[in-house]
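Just so you know, these numbers use all the heavy atoms, side chains as well, and skip hydrogens, waters and symmetry mates. Lettering of chains follows the sequences in order, A, B, ..., and the numbering in each one begins at 1.
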Number of protein chains: 2
Amino acid sequence: MTNQGEDILKNSALSVTASRKRILDIFLAADNALAHQDIETKCAEQYDRVTIYRTLQTFLEKGIIHNIPSTDNMVRYALCNEACITSGHHHDNHVHFKCDDCGKTVCLDDVNIPAVNLPKGYTMKEINMVVNGICKSCK
Amino acid sequence: MTNQGEDILKNSALSVTASRKRILDIFLAADNALAHQDIETKCAEQYDRVTIYRTLQTFLEKGIIHNIPSTDNMVRYALCNEACITSGHHHDNHVHFKCDDCGKTVCLDDVNIPAVNLPKGYTMKEINMVVNGICKSCK
DNA sequence: TTAAGAATGCAACTTTGTTGCAAAAGTATT
DNA sequence: AATACTTTTGCAACAAAGTTGCATTCTTAA
């Protein structure tokens with residue numbers, strides 16, 4: 001039986017270390033996006049804060065996770081889905097939802113970001129859509 | 001001749017102080033959204049850092065400015081337009097654009113955020129759309 | 001003009017994020 | 001399985017960002 005986190009690391013040509021596996025496991029177990037702080041809370045006794053910063057950075061660069069903008073100075077991260085990781089070129093085009101009640105941020109994988117027409121002269125490279133409101137668990 | 005910043009403060013039932021007028025002037029003169037840091041750079045010698053934090057907070061609560069989410073831990077602020085301020089109830093529904101070249105973030109007031117259908121059980125309260133790319137000045 | 005309330009500045013502090021470097025762990029090769 | 005090489009980690013020290021309480025100053029409204 002192989003470890004799912006280990007597979008992800010190998011597929012991304014990253015060396016397999018205990019901290020990386022642990023952080024991936026945290027993401028795999030989470031049903032919502034995680035801020036640096038959330039991860040630190042879960043494993044600060046095991047791993048150094050700096051390691052967590054560097055690991056998240058590495059995962060971002062490899063496209064293992066993507067980040068979700070916010071207005072609260074708490075950038076959150078979520079695992080990319082298979083297609084996104086394997087395609088090499090990273091692109092999320094799903095909507096993110098943050099619940100004002102429970103505070104959780106989730107990927108709405110089934111909701112695509114609709115097209116927008118930018119004014120003349122603007123070129124789009126990336127697009128992000130974050131909706132705030134009440135999630136189905138809190139309604 | 002009256003001062004535009006002063007009018008905004010009075011309309012929002014805020015007392016008129018030098019720091020608030022100055023910060024409003026900075027926004028009125030800016031052609032792009034400003035982070036806390038940008039404002040601090042422009043008036044740190046005049047006003048305390050804490051005052052700037054508190055002023056931005058107050059402006060947000062009164063709906064004088066709105067904040068723009070980001071993935072770089074630099075929440076930016078921009079003046080709300082007239083309609084938005086006077087309506088009492090705050091709602092931006094324009095798209096924000098951040099240029100990867102010059103780094104500026106601007107409100108695309110003419111580009112409305114298209115409608116999205118959320119899955120059953122989700123209620124939308126607010127929506128944010130941020131596009132990254134190259135702006136018309138940098139193309 | 002003055003009294004009451006609101007905003008500011010200061011100090012001290014907490015939290016968040018960064019950098020350089022030595023030690024430890026992982027990888028590939030034989 | 002031992003090695004040499006490379007990468008990752010932890011530590012320390014620091015820098016930057018954000019918060020809080022309190023005394024002083026400024027605004028406002030009577």
Side-chain angles (χ1 to χ4, degrees), chain A residues 2-3 5-27 33-62 64-65 67-77 103 105, chain B residues 2-3 5-27 33-62 64-65 67-77 103 105:
Chain A
T2 48
N3 178 292
E6 215 168 304
D7 292 345
I8 295 174
L9 291 171
K10 283 179 182 160
N11 288 337
S12 301
L14 289 174
S15 42
V16 177
T17 68
S19 55
R20 286 178 178 166
K21 279 197 286 186
R22 175 81 181 98
I23 293 175
L24 274 179
D25 282 345
I26 292 172
F27 275 112
L34 301 170
H36 170 92
Q37 206 190 23
D38 299 322
I39 295 165
E40 204 175 312
T41 306
K42 288 182 206 286
C43 65
E45 277 122 40
Q46 300 172 70
Y47 304 108
D48 196 80
R49 228 157 47 84
V50 177
T51 300
I52 301 174
Y53 279 110
R54 291 197 270 227
T55 302
L56 290 174
Q57 192 53 45
T58 304
F59 286 180
L60 264 185
E61 280 160 13
K62 291 290 182 178
I64 297 174
I65 56 177
N67 51 15
I68 303 165
S70 79
T71 52
D72 63 358
N73 278 321
M74 288 262 286
V75 176
R76 290 172 183 79
Y77 305 88
T105 298
Chain B
T2 49
N3 178 291
E6 216 168 303
D7 292 345
I8 294 174
L9 291 171
K10 283 178 182 162
N11 288 336
S12 302
L14 288 174
S15 41
V16 178
T17 68
S19 56
R20 285 178 179 166
K21 278 198 286 186
R22 175 81 181 99
I23 292 176
L24 273 179
D25 282 346
I26 292 173
F27 275 112
L34 302 170
H36 169 92
Q37 206 191 23
D38 298 322
I39 295 166
E40 204 176 313
T41 306
K42 287 183 206 287
C43 65
E45 277 122 40
Q46 299 172 73
Y47 304 108
D48 197 80
R49 229 156 46 83
V50 177
T51 300
I52 301 174
Y53 280 111
R54 291 196 270 225
T55 303
L56 290 174
Q57 192 53 42
T58 303
F59 286 179
L60 264 185
E61 280 160 13
K62 292 290 182 176
I64 296 174
I65 56 177
N67 52 15
I68 303 165
S70 79
T71 51
D72 63 357
N73 278 321
M74 288 264 285
V75 176
R76 290 170 183 81
Y77 305 89
T105 299

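Atom CG in Asp48(A) sits roughly 15 Å away from atom P in dT19(C) (whole-Å rounding). Atom OH of Tyr47(B) and atom C1' of dC10(C) are 17 Å apart (whole Å). Between the C1' atom of dA7(C) and the CG atom of Leu9(B) lies a distance of 12 Å, rounded to the nearest Å. Atom CD in Glu40(B) sits about 14 Å away from atom C1' in dG9(C), given to the nearest Å. Spacing between atom CZ of Arg49(A) and atom P of dT16(C) amounts to 8 Å, rounded to whole angstrom units. As a whole-Å value, the separation of Lys21(B) NZ from dA6(C) P is 20 Å. Going from atom CG of Asp38(A) over to atom C1' of dT15(C) covers 15 Å, rounded to whole Å.
Using a distance-only test at 3.5 Å, with no hydrogens or angles considered, a donor-acceptor pair links the side chain of Arg20(B) to the main chain of Ser15(B). Here the side chain of Asp38(B) pairs a donor or acceptor atom with the backbone of Ala35(B) at under 3.5 angstrom.
Minimum heavy-atom separation, Ile68(B) to Thr71(A): C-CG2, 4.2 Å. The two atoms that bring Glu40(B) and Ile52(B) nearest to each other are CA-CD1, 3.8 Å, heavy atoms only. Residues Tyr77(A) and His36(A) come closest through the heavy atom pair CE1-N, 4.2 Å. Asn3(B) and Gly5(B) make their closest contact through OD1-N, 2.7 Å (heavy atoms, listed as atom of the first residue, atom of the second, distance).
Looking at heavy-atom distances under 4.0 Å, Arg20(B) makes contact with sugar-phosphate atoms alone, never a base. Residue contacts shown for Ser19(B) are limited to sugar-phosphate atoms, with no base heavy atom under 4.0 Å away. Among the atoms of the strands shown, none is found under 4.0 Å from any heavy atom of Gln57(B).
Listed pair Gln37(A) / dT16(C) meets the phosphate criterion, a side-chain N or O lying under 4.0 Å from OP1 or OP2.
Counting heavy atoms from C-beta on, the side chains of Thr17(B) and Thr55(B) never come closer than 4.5 Å. With contacts defined as side-chain heavy-atom distances shorter than 4.5 Å, the pair Phe27(A)/Leu56(A) qualifies.
Bending across the helix from dT1(C)-dA30(D) to dT30(C)-dA1(D), expressed as the angle between its end axes from five pairs apiece, amounts to 40° (10° rounding).
Atom CG of residue Asn11(A) and atom NZ of residue Lys62(A) lie 11.5 Å apart, to the nearest 0.5 angstrom. How far CZ of Arg49(B) is from CD of Gln37(B): 11.0 Å, rounded to the nearest 0.5 Å.
Mapping heavy-atom proximity under 4.0 Å, the span of DNA chain D touched by chain B runs 5' to 3' from dA17(D) to dT28(D).
Applying the 6.0 Å contact sphere to CD of Glu45(B) captures no more than 12 heavy atoms from other residues, nucleotides or ligands.
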Going 5' to 3' through nucleotides 20-30 of chain C, assign each nucleotide B (protein heavy atom under 4.0 Å from a base atom), S (under 4.0 Å only from sugar-phosphate atoms) or - (no protein heavy atom that close). B-----SS---
